[in-house]
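Any value given below was found using the heavy atoms of this structure, including those in side chains, with hydrogens, waters and symmetry copies removed.
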Number of protein chains: 4
Amino acid sequence: MPKVTDEHREQRREQILMAAMICVAEEGFHKTTMAHVIAGSGLSAGAVYGYFSSKDELILAIADRSLSYLDQAIDEVQARDPVPSPVEVTRLLTSMIVERAEAAPVDLTRVVVSAWAEAVRNEDVRHAVASRIDLLRSKLADVIIAQQSAGHIDAGADPEMVAKSLFGVMPGFVLQRLITRDVTPADYAAGYASLRRPSGD
Amino acid sequence: MPKVTDEHREQRREQILMAAMICVAEEGFHKTTMAHVIAGSGLSAGAVYGYFSSKDELILAIADRSLSYLDQAIDEVQARDPVPSPVEVTRLLTSMIVERAEAAPVDLTRVVVSAWAEAVRNEDVRHAVASRIDLLRSKLADVIIAQQSAGHIDAGADPEMVAKSLFGVMPGFVLQRLITRDVTPADYAAGYASLRRPSGD
Amino acid sequence: MPKVTDEHREQRREQILMAAMICVAEEGFHKTTMAHVIAGSGLSAGAVYGYFSSKDELILAIADRSLSYLDQAIDEVQARDPVPSPVEVTRLLTSMIVERAEAAPVDLTRVVVSAWAEAVRNEDVRHAVASRIDLLRSKLADVIIAQQSAGHIDAGADPEMVAKSLFGVMPGFVLQRLITRDVTPADYAAGYASLRRPSGD
Amino acid sequence: MPKVTDEHREQRREQILMAAMICVAEEGFHKTTMAHVIAGSGLSAGAVYGYFSSKDELILAIADRSLSYLDQAIDEVQARDPVPSPVEVTRLLTSMIVERAEAAPVDLTRVVVSAWAEAVRNEDVRHAVASRIDLLRSKLADVIIAQQSAGHIDAGADPEMVAKSLFGVMPGFVLQRLITRDVTPADYAAGYASLRRPSGD
DNA sequence: AATGAATGAGAGTTCATTCAT
DNA sequence: CATGAATGAACTCTCATTCAT
């Protein structure tokens with residue numbers, strides 16, 4: 001099977017990545033064995049290693065991919081007109097997380113939690129995850145600038161700083177959804193909305 | 001049942017747990033080997049297995065312990081008089097997380113992230129972590145009730161619901177502190193403060 | 001059977017053999033992978049297997065070739081007139097070994113040592129190497145006969161037997177040159193010259 | 001089985017080393033698998049790795065050991081009184097090599113050839129082998145000094161240099177014994193003896 | 001004919017756990 | 001009762017070879 005098209009190669013890579021993500025969603029990075037990924041991908045050991053030269057490289061690709069899924073969600077929020085309020089953004093993002101998680105063959109939020117844990121002990125993964133988070137937060141910062149123009153947010157606030165806090169809402173939601181299993185996007189956003197005194201702070 | 005022996009046993013258990021947490025903070029649960037824990041504890045393999053009958057049991061104990069450290073932080077917040085505003089609570093909790101993490105021989109936030117990941121794939125750990133989160137949130141709910149009395153928060157809001165959102169602030173902070181390494185308690189709380197429009201929502 | 005194609009085939013075979021010898025000089029037979037040989041030859045896997053149907057066949061060819069290089073050296077000694085003395089032969093052979101080793105793109109003496117080791121465990125290689133050694137020794141025997149005529153060597157000695165000893169000088173030189181790296185042709189020959197008592201034995 | 005005596009440990013190490021040498025004598029270093037060594041030693045994989053932390057470490061120990069066997073042979077030659085002539089030394093050393101090879105459960109000369117080949121590509125092994133050769137040659141140099149006193153060798157010759165040549169006799173013998181299989185100690189020594197013209201050089 | 005992606009058995013090594021001492 | 005040497009299944013990864021294209 002020589003001289004395979006780039007498209008075909010990309011498809012194969014995707015096939016392996018998907019098989020691996022299914023494993024990781026179930027067992028985490030370190031309880032996922034290459035044998036499971038290989039069996040799940042329907043390829044041979046050698047073939048898999050032709051696309052990912054080590055388990056660490058595969059882990060890196062999965063970590064990166066698991067976070068990139070949020071991109072589209074944020075893009076959608078950014079596209080909304082008029083710009084939604086912060087509470088509305090919280091509700092939108094958490095809803096999209098739930099929708100995607102339940103629609104996909106893999107619950108990507110489970111993979112994301114593995115990626116966080118791996119980022120703590122593996123510098124390569126940390127860099128990859130940090131870059132993704134940076135990107136997400138900069139998109140959020142754009143939304144925040146729009147919100148400032150719309151008068152939703154104090155115009156004097158630093159958008160980058162606010163973006164960190166806004167981004168920080170998601171991990172807590174993901175975690176409680178997976179672990180205590182008692183949060184819904186609507187309630188979670190409502191809770192944030194209530195976190196202010198009736199008038200001012 | 002000599003009293004001294006029981007104390008001694010407890011001390012030994014603690015010794016092992018500490019050695020294990022140091023390992024887990026560095027390498028996560030699954031890259032931590034029993035051999036490392038054994039070496040770190042200064043005991044023999046057999047002795048360690050006398051206190052924790054399997055690695056899974058040790059993991060469970062560590063997961064539980066890593067979350068219990070937040071208890072004291074919340075207790076302290078609860079004890080404050082007058083009751084702090086939500087933004088102030090956010091600042092207090094994140095500051096305490098940083099302080100403890102930097103003072104301790106182990107950065108417990110690193111262990112906590114491992115515990116989250118493990119909770120996703122291991123039902124026993126999930127239950128343990130869920131119970132801990134429940135407890136923390138109920139303490140937070142008490143604070144919220146006090147805040148409602150003090151007029152900081154809409155009196156009509158469900159304290160349990162608000163507690164979920166308030167608790168949810170911490171994972172995002174912990175993660176960004178460990179991964180992007182660009183958040184401070186003051187800025188993070190300020191970001192939350194800005195997340196409301198100048199007047200109402 | 002087009003002539004050009006045959007030449008072309010021979011050229012290709014040589015190309016592969018050379019690439020393989022470079023690998024073997026560096027890593028020995030069993031750490032040399034077919035993938036390295038294939039990459040070094042600039043051909044495809046399929047093409048290489050068209051010329052050598054297995055790694056074992058390639059090893060056999062390399063072992064044979066590595067020893068055949070000494071042929072020319074001995075031919076040159078044989079051509080000398082008047083016939084050189086035994087000590088002189090030792091010096092000539094060792095000098096030629098060094099010269100060739102340093103001139104060639106591959107240090108063939110490194111390959112030869114691999115061939116010896118392989119001959120010990122692989123009957124096919126042993127036969128090939130034994131045949132080559134036989135040939136070399138018979139050429140040396142011719143030189144010895146000439147030396148007997150010239151009065152350099154006891155006329156009553158069996159030339160075949162003396163040839164074995166004379167041939168036996170070379171492995172020790174090659175090995176010390178590669179391993180202790182502290183022998184020179186001149187010193188080595190001088191050492192042999194000294195190995196006889198001032199008068200008789 | 002805790003707190004095992006050092007003697008016991010040494011015995012176990014020897015047990016593994018012997019099993020490994022048997023494998024290496026048959027298959028060389030790189031066709032010898034750890035699984036074979038493990039099976040041959042009668043221990044488990046883990047136990048073997050408790051004594052040799054990698055295959056490379058085992059190879060190093062075998063290479064060293066295979067050469068150390070010659071020590072005793074040279075010691076015996078050194079002990080002879082009166083000091084034997086160079087030709088006699090050649091005969092003695094080669095005889096001892098044959099005797100030991102045929103008496104032992106492993107033909108160590110087969111292992112030695114593997115060690116030479118490995119020394120060419122592996123710096124650690126090269127150093128170990130070079131050190132052993134150095135030691136053997138310095139013992140030989142002592143014998144040569146005695147031979148000079150006894151008038152067997154030119155008193156003006158450098159003993160170190162002559163020792164290199166004398167040492168160099170052995171590899172050629174070992175190789176021809178294993179590969180062409182047509183050399184005997186007596187004939188080989190006689191061949192050397194003949195390598196001089198009837199009177200002087 | 002030539003290619004090189006794919007195969008898969010088998011390599012070296014690790015590590016949670018046990019149990020003879 | 002404590003010890004730590006021993007176990008062995010399971011892990012990640014390699015590589016000689018094939019064969020669909």
query = Which parts of residues 24-34 of chain A get close to DNA chain F, meaning a heavy atom less than 4.0 angstrom away?
reply = A/Thr32, A/Thr33, A/Met34
query = Pairs counted as Watson-Crick or G-U wobble with both distances under 3.5 Å: what dot-bracket string results for DNA chain F, using | for bases tied to another strand?
reply = .||||||||||||||||||||
key: Minimum-distance nucleotide to A/Ala47 side chain [options: F/dT14, E/dA6, E/dT13]   = E/dA6
ask   = In terms of heavy-atom contacts, does NE2 of A/His30 have more than 12 from other residues, nucleotides or ligands at under 6.0 Å?
value = yes
query = Please give, in whole Å, the distance from F/dT17 P to C/Phe52 CZ?
reply = 13 Å
task = Verify the distance criterion only: is there a donor paired with an acceptor across the side chains of C/His36 and C/Thr33 at less than 3.5 Å?
result = yes
key: Closest to the B/Ala45 side chain, choosing from E/dT18, F/dG8, E/dG4   = E/dT18
query = With sequence neighbours excluded, what pairs up with B/Thr32 under the side chain to side chain donor-acceptor pair (under 3.5 Å) test?
reply = none
remark   = Taken in chain and number order and not counting sequence neighbours, the residues that satisfy side chain to side chain donor-acceptor pair (under 3.5 Å) with C/Ser44 are none
key: Residue list, side chain to side chain donor-acceptor pair (under 3.5 Å) with B/Glu123, at least two apart or on another chain   = B/Arg126
ask   = Quick one: does C/Arg9's side chain get under 4.5 Å of C/Arg12's, heavy atoms only?
value = no
key: Sugar-phosphate only, base, or nothing, as touched by A/Tyr51 at under 4.0 Å among non-hydrogen atoms   = sugar-phosphate
inquiry  = Nearest whole Å is fine: how far is E/dA5 P from A/Ile16 CD1?
reply    = 13 Å
ask   = What's the closest nucleotide to the A/Lys55 side chain, out of F/dC13, E/dA6, E/dG12?
value = F/dC13
ask   = So D/Lys55 and D/Val37, side chain to side chain contact (heavy atoms under 4.5 Å, CB included) or not? Walk me through it.
value = CA-CA 10 Å; D/Lys55 190 181 177 184; D/Val37 173; over 6 Å; no
ask   = Closer to the 5' end of DNA chain E via nearest nucleotide, is it A/Arg9 or D/His36?
value = A/Arg9
ask   = Could you give the CZ-to-P distance, from D/Arg13 to F/dA5, as a whole number of Å?
value = 15 Å
key: DNA chain F: 5'-proximal contact among D/Gly46 and A/Asp56 (nearest heavy atom)   = D/Gly46
inquiry  = Applying side chain to side chain contact (heavy atoms under 4.5 Å, CB included) to A/Phe29 and A/Ile62, what does each step give before you reach the verdict?
reply    = CA-CA 9 Å; A/Phe29 283 130; A/Ile62 294 169; 3.8 Å; yes
ask   = Between E/dT3, F/dA6, E/dT18, which nucleotide gets closest to the side-chain atoms of D/His8?
value = F/dA6
note = Residue pair C/Ser53/B/Arg12 against DNA chain F: nearer the 5' end by closest nucleotide is B/Arg12
message = Just to verify, what does A/Ser131 make a side chain to side chain donor-acceptor pair (under 3.5 Å) with, not counting sequence neighbours?
response = none
query = Once you round it to whole Å, what is the distance between P of E/dG4 and CG of A/Leu43?
reply = 20 Å
request  = For C/Ile38 and F/dT18, give me the distance from atom CD1 to atom P, rounded to whole Å.
outcome  = 12 Å
